[in-house]
Amino acid sequence: MAEYFKVLGEQQMSADALARCLYALECAWHPMFTPLQGNCQLKSEEYAWLEKFSEDYNSDNSIWLFPNFSFSLAICRFYLEREASKDACIDSTKSSSSDLMKQALMLHPSVIKKLVTKVPLKDRTWTDILKHAFFRSDQTGISSQDHLINIYVERNYLIWRLPDLQKLLSGAAKLVIEALESNKNEVKDWACVRKEAFSSEKNEYGHLLVSDFSDSVTSIPQENLQQFMGVPGMREAMQDENQFANLPGNGHAPRGVANRNALAVLFESMLPWVTYEDREDGGPGDNQLDEHEQHNQ
């Protein structure tokens, strides 16, 4: 509705619709939650926390199989290694960031091509990587996994614009290619891992829309707006109505209904602050009412 009113030029009504949406969102918050008090802690860039969180659920390996965790753990290890190198106390008992990234690419190879397109990555290094058969496709052939990868790329592609992470990703991709060249059976082995991890034949995550994880602002398609606003001949009448509705004053001037889109009037009538002008010129309805009263008398 906010988008619809904005297209009509009803900026105040569009703002009111957004305010109602925000109010509904606030009503869903916990009574003890107040964003201004800082009671909640965002775990952004807390690499040690994410690594500890994954280790706490080490008995359940399923969390490692999702693309967001697979790649995020490799990134966490990369930054933790950088911090540890300053103190010369790197933990050799844990897998390196390169190994974790290699495993992530083995499990989710189609991420490479999607990132090259989405980020975008235009260096010749990526062209050479995509020439290899293992990274050539942007689909794994497993609907659930492909859907999760689409969500991951849509939500996290911006982080891959950092040069250090691009270098980590390309280096791991080259290690994957070298490993596959030396052992062809690894392709089949990781294919079996993917099928076992995402065993369902249908998309188990279809209820999660990729657009819900996007930062881009969606708008109503033009063809849908044309259908919603009525036939083209009605646009001039709607523009005249907008001029009338936006008269100087309190912004809630009475509105007319003559020669207007019926659907627009219907939606407007649901808003409590909208009023309509009284007919003082004696329209057809008034004449019919007078004749009816005279007949009764």
Side-chain angles (χ1 to χ4, degrees), residues 40-82 94-121 126 129 134-135 137-173 175-176 190-191 193-200 202-216 218:
C40 60
Q41 295 182 0
L42 301 176
K43 299 300 182 180
S44 176
E45 297 186 5
E46 295 191 15
Y47 310 116
W49 177 89
L50 182 60
E51 198 170 68
K52 183 179 182 303
F53 176 81
S54 63
E55 290 174 353
D56 290 341
Y57 289 89
N58 193 28
S59 59
D60 184 6
N61 293 329
S62 61
I63 196 173
W64 295 67
L65 301 176
F66 291 100
N68 56 333
F69 266 93
S70 296
F71 288 95
S72 294
L73 288 173
I75 294 173
C76 286
R77 176 49 34 194
F78 172 76
Y79 284 112
L80 289 174
E81 288 173 351
R82 174 181 290 184
K94 295 184 178 181
S95 300
S96 66
S97 59
S98 180
D99 290 337
L100 291 175
M101 186 63 69
K102 178 182 174 182
Q103 294 176 16
L105 289 176
M106 284 287 199
L107 186 59
H108 309 287
S110 61
V111 167
I112 286 283
K113 188 166 186 179
K114 289 183 180 295
L115 286 177
V116 168
T117 304
K118 185 72 176 178
V119 173
L121 302 174
W126 303 105
I129 291 174
F134 190 70
F135 296 117
S137 176
D138 61 353
Q139 301 290 327
T140 63
I142 303 175
S143 57
S144 294
Q145 184 182 15
D146 287 332
H147 191 73
L148 290 175
I149 289 175
N150 289 336
I151 291 176
Y152 170 75
V153 172
E154 182 65 32
R155 186 59 187 163
N156 299 278
Y157 74 95
L158 288 176
I159 196 175
W160 295 106
R161 290 181 177 176
L162 298 175
D164 290 340
L165 294 185
Q166 291 182 18
K167 185 177 180 180
L168 172 66
L169 185 65
S170 62
L175 291 177
V176 169
W190 282 98
V193 173
R194 286 193 291 272
K195 290 182 179 180
E196 184 177 353
F198 306 97
S199 57
S200 178
K202 63 178 182 179
N203 185 1
E204 296 180 302
Y205 307 97
H207 60 285
L208 301 175
L209 300 179
V210 177
S211 58
D212 290 342
F213 296 86
S214 175
D215 290 330
S216 61
T218 58

**Study point:** Which residues share a side-chain contact (heavy atoms from CB on, under 4.5 Å) with F66, sequence neighbours left out
**Key:** N68, L148, Y205
**Study point:** Closest approach of D146 to G141 (non-hydrogen atoms, all atoms of both residues)
**Key:** OD2-N, 3.3 Å
Exercise for review: Assess whether side-chain contact (heavy atoms from CB on, under 4.5 Å) is satisfied between L73 and F53, documenting all intermediate values.
Suggested key: CA-CA 10 Å; L73 288 173; F53 176 81; over 6 Å; no
Point to revise | Separation of L80 CG from L50 CG (nearest 0.5 Å) | key: 9.5 Å
Check your understanding: Got a sec, which residues hit side-chain hydrogen bond (donor to acceptor under 3.5 Å, both in side chains) with K118, two or more places apart in sequence or on another chain?
Key -> E154
Review point. Under the side-chain contact (heavy atoms from CB on, under 4.5 Å) test, which residues partner S137, sequence neighbours left out?
Key: Q139
Check your understanding: Is the closest side-chain heavy-atom distance between R82 and D164 below 4.5 Å?
Key -> yes
Review point. In chain order, what residues pass the side-chain hydrogen bond (donor to acceptor under 3.5 Å, both in side chains) check against K52, with sequence neighbours excluded?
Key: D56
Point to revise | S95 side chain to L100 backbone, donor-acceptor under 3.5 Å | key: no
Exercise for review: Flag the pair L107 / W64 as yes when at least one side-chain heavy-atom distance between them is below 4.5 Å, and no otherwise.
Suggested key: no
Exercise for review: Please name all residues satisfying salt bridge (Lys or Arg N to Asp or Glu O under 4.0 Å) with R155, sequence neighbours left out, ordered by chain then number.
Suggested key: D215
Check your understanding: Hey, is the main chain of L65 close enough, under 3.5 Å, to the side chain of H108 for a donor-acceptor pair?
Key -> yes
Practice item. Can you measure from CD1 (I151) to OG (S211) and round to the nearest 0.5 angstrom? Key: 9.5 Å
Point to revise | Counterpart residues, side-chain hydrogen bond (donor to acceptor under 3.5 Å, both in side chains), relative to W160 (two or more places apart) | key: Y152
Exercise for review: Not counting sequence neighbours, which residues clear side-chain contact (heavy atoms from CB on, under 4.5 Å) with S97? List them please.
Suggested key: R77, F78, E81, L168
Check your understanding: Do any N or O atoms from the side chain of D138 and from the backbone of K114 form a donor-acceptor pair under 3.5 angstrom?
Key -> no
Check your understanding: Excluding sequence neighbours, so at least two apart, what forms side-chain hydrogen bond (donor to acceptor under 3.5 Å, both in side chains) with N156?
Key -> none
Check your understanding: Where do L115 and L121 come nearest, in terms of heavy atoms and distance?
Key -> O-CG, 4.0 Å
Study note, to complete from the structure: For D99, the salt bridge (Lys or Arg N to Asp or Glu O under 4.0 Å) test, sequence neighbours excluded, returns none
Check your understanding: Quick one: does S143's side chain have a donor or acceptor within less than 3.5 Å of a partner on N203's backbone?
Key -> yes
Practice item. Not counting sequence neighbours, which residues clear ring pair (Phe, Tyr, Trp, His ring centres under 6.0 Å) with F213? List them please. Key: none
Check your understanding: For A173, which residues count as a side-chain contact (heavy atoms from CB on, under 4.5 Å) partner, sequence neighbours excluded?
Key -> L105, I112, I129, F135
**Study point:** Distance in Å, Q166 CD paired with W126 CH2, rounded so as to fall on 0.5 Å steps
**Key:** 6.5 Å
